[in-house]
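One structure is given here, and the rest of the page talks about it.
We use all heavy atoms of the structure for the numbers below, so side chains are in, but hydrogens, waters and symmetry mates are not. Labels below follow one simple rule: chain letters A, B, ... track the order of the sequence lines, proteins then strands, and each chain is numbered from 1.
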Protein chains: 2
Amino acid sequence: MSQAKKILPRLTIDNVIFAYADKQLSVLLIKHGEGRSKGQWGLPGDWLGINESLEERAAISLFDRTGLKNIKLQQLQTFSAVDRYPGKRIITTAFYTLIKQNVQKIKPSDDELAVNWIPVNKVPKLIFDHKVILKHALKHLRTQVRHVPIGLDLLPKKFTLLELQDLYEALLDRSFDKPNFRRKILKLHYLIDCKESIKAGKHRPAALYSFDRAAYKSLIKKGFSFSL
Amino acid sequence: MSQAKKILPRLTIDNVIFAYADKQLSVLLIKHGEGRSKGQWGLPGDWLGINESLEERAAISLFDRTGLKNIKLQQLQTFSAVDRYPGKRIITTAFYTLIKQNVQKIKPSDDELAVNWIPVNKVPKLIFDHKVILKHALKHLRTQVRHVPIGLDLLPKKFTLLELQDLYEALLDRSFDKPNFRRKILKLHYLIDCKESIKAGKHRPAALYSFDRAAYKSLIKKGFSFSL
DNA sequence: TCAAAAGTGTTAACTGTACACCCATGC
DNA sequence: GCATGGGTGTACAGTTAACACTTTTGA
């Protein structure tokens, strides 16, 4: 990144930015355009500045690539193996988040050849230990999904239960029994029945729901155990 | 610590070392003997060396204070707020573990006034953000306890179910129904009935159990959900 | 005989899971 | 009519949680 900031040597952040769209989970990867890793894929990362926390830098780095603000990035782990980076001692702290996929706005910075959403099951070889970091993030995401509600900011304001189920199925890479999924979700009481329905094809119209933000947020704090 | 090592500036580790003994959960704290934090309590920490990972330094630091080797420390999180350390920019990575309390062997290093096991509900004011780190660790430990087996290396080779229950109750700071606890644990099939019993006071002797190491380790991988 | 901890049994409420089946729509 | 996804009912197995009860010991 070509920012006018004083950086701390040796310290970086790497963001694992998952995105959901079209029943598919992808991750943001960049193709390096300079230096020894030219032409290779890796996670979007950045140097830590002297006057910012890791969290702050991770958020700025996310904004630079996607234009998104106020997204909560979760700190995953710090990777500090002596030989993780060729030739230099670089320690990185990994963050991750899950957002709605937006193809238009992403852009590479000066020293990058490309920035792309890559489906998680089609990720190419990555530089350094980035594959390890990605796997770690995915595991964390999948655990998370079963303990706090998700979907806010990922689905349209009003959505059907099937759309929510599609999201869960994409994230966890498995399918759920429809009737049981409905009941399980509805019993958590974080959805509001919009009392509307949407016609979509040659079948019964689906009821629309929206998130009850208060209930949603309190469920984040309390947590639950979603099995199915 | 007065080690002959080249350190990386700005980077430290802090260990949250929990210990169990006498139905009580304690944490290892040190009283600083030099510098601006003289006389104050804090978590045992150390500078990261140029030729070691954070994990390696955390393990060495644990060994220095307790004489314990081959203890798996879990990385918790990295704390990097710009103002977390007065006057300097210091970034720390926190680790935690849970061991059997051993009062004899712990020793302060040259620049420390004291090293002590302090019961977790009697922790004094701590320096910097160490109280936040400790709370974070405790929360993590309590989550952990409900998803993987614990007790190996904390209880004697042969132990009663009540001793195991005491451990759980101390860690989670609550009590369990004895009959239900028994059944719940036994159904996980990671205990071996030693076919012995121990007389301890004016009541029926208790059956002794030991851990089935293979089952125990495979349960760590598989995980479970312990509610009660 | 009594207290104390060890250990068994029983029940009611709730969950997980599978799957049968009806509903509303477009073609 | 019938295919398609939307949605309800049900039934069995297993789990949770509370608590009554019996057992074995030492004093």
Rounded to the nearest angstrom, tell me the gap between atom [atom1] in [X] and atom [atom2] in [N].
{"X": "A/Arg182", "N": "C/dG16", "atom1": "CZ", "atom2": "P", "answer": "17 Å"}
{"X": "A/Phe181", "N": "D/dG6", "atom1": "CZ", "atom2": "P", "answer": "12 Å"}
{"X": "A/Asp166", "N": "D/dG6", "atom1": "CG", "atom2": "C1'", "answer": "13 Å"}
{"X": "A/Phe176", "N": "C/dT17", "atom1": "CZ", "atom2": "C1'", "answer": "13 Å"}
{"X": "B/Asn180", "N": "C/dG7", "atom1": "CG", "atom2": "P", "answer": "15 Å"}
{"X": "A/Phe226", "N": "C/dT15", "atom1": "CZ", "atom2": "C1'", "answer": "13 Å"}
{"X": "A/Arg183", "N": "D/dG6", "atom1": "CZ", "atom2": "C1'", "answer": "13 Å"}
{"X": "A/Glu196", "N": "D/dG6", "atom1": "CD", "atom2": "P", "answer": "17 Å"}

*Nucleotide of D/dT8, D/dT15, D/dC19 approaching B/Lys184 most closely (side-chain heavy atoms)*: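 Closest nucleotide among those given: D/dT15.
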
_Using the side-chain heavy atoms of B/Ser227, tell me which of these nucleotides is nearest: C/dG16, D/dT16, C/dC19._
D/dT16

Compare all side-chain heavy atoms of [X] with those of [Y] and state whether any distance is below 4.5 angstrom.
{"X": "A/Lys131", "Y": "A/Lys125", "result": "no"}
{"X": "B/Asn116", "Y": "B/Trp41", "result": "yes"}
{"X": "A/Val16", "Y": "A/Phe95", "result": "no"}

*Fit a plane to each ring of A/Phe181 and A/Tyr168, take the angle between them on a 0 to 90° scale, and name the class: parallel (under 30°), tilted (30 to 60°) or perpendicular (over 60°).*
perpendicular

*For B/Ser225 and B/Lys184, work out which heavy atoms get closest and say how close.*
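Heavy atoms only, the tightest pair is O-NZ, 3.9 Å.
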
*Report yes or no: do A/Ser61 and A/Arg65 form a side-chain donor-acceptor pair below 3.5 Å?*
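A pair is found: one side chain offers a donor N or O, the other an acceptor, under 3.5 Å apart.
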
For nucleotides 24-27 of chain D, tabulate all protein N/O to nucleotide N/O atom pairs closer than 3.5 Å, reporting atom names and distance.
residue	atom	partner	partner atom	Å
D/dT24	O2	B/Arg204	N	2.7
D/dT25	O2	B/Lys202	O	3.0
D/dT25	O2	B/His203	N	3.2

*Closer to the 5' end of DNA chain C via nearest nucleotide, is it B/Thr160 or A/Lys187?*
B/Thr160

*Contact nearer the 5' end of DNA chain C, comparing B/Leu162 with B/Asp177*: B/Leu162

*On DNA chain D, check which nucleotide each of B/Pro179 and A/Pro179 is closest to and give me the residue with the more 5' one.*
A/Pro179

*OG1 of B/Thr12 to CZ of B/Phe79: how many Å apart, nearest 0.5 Å?*
11.0 Å

_Taking any heavy-atom pair under 4.0 Å as a contact, classify B/Ala200: base, sugar-phosphate, or nothing._
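No contact.
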
_Is A/Lys178 close enough to C/dC19 that one of its side-chain N or O atoms is under 4.0 Å from OP1 or OP2 there?_
no

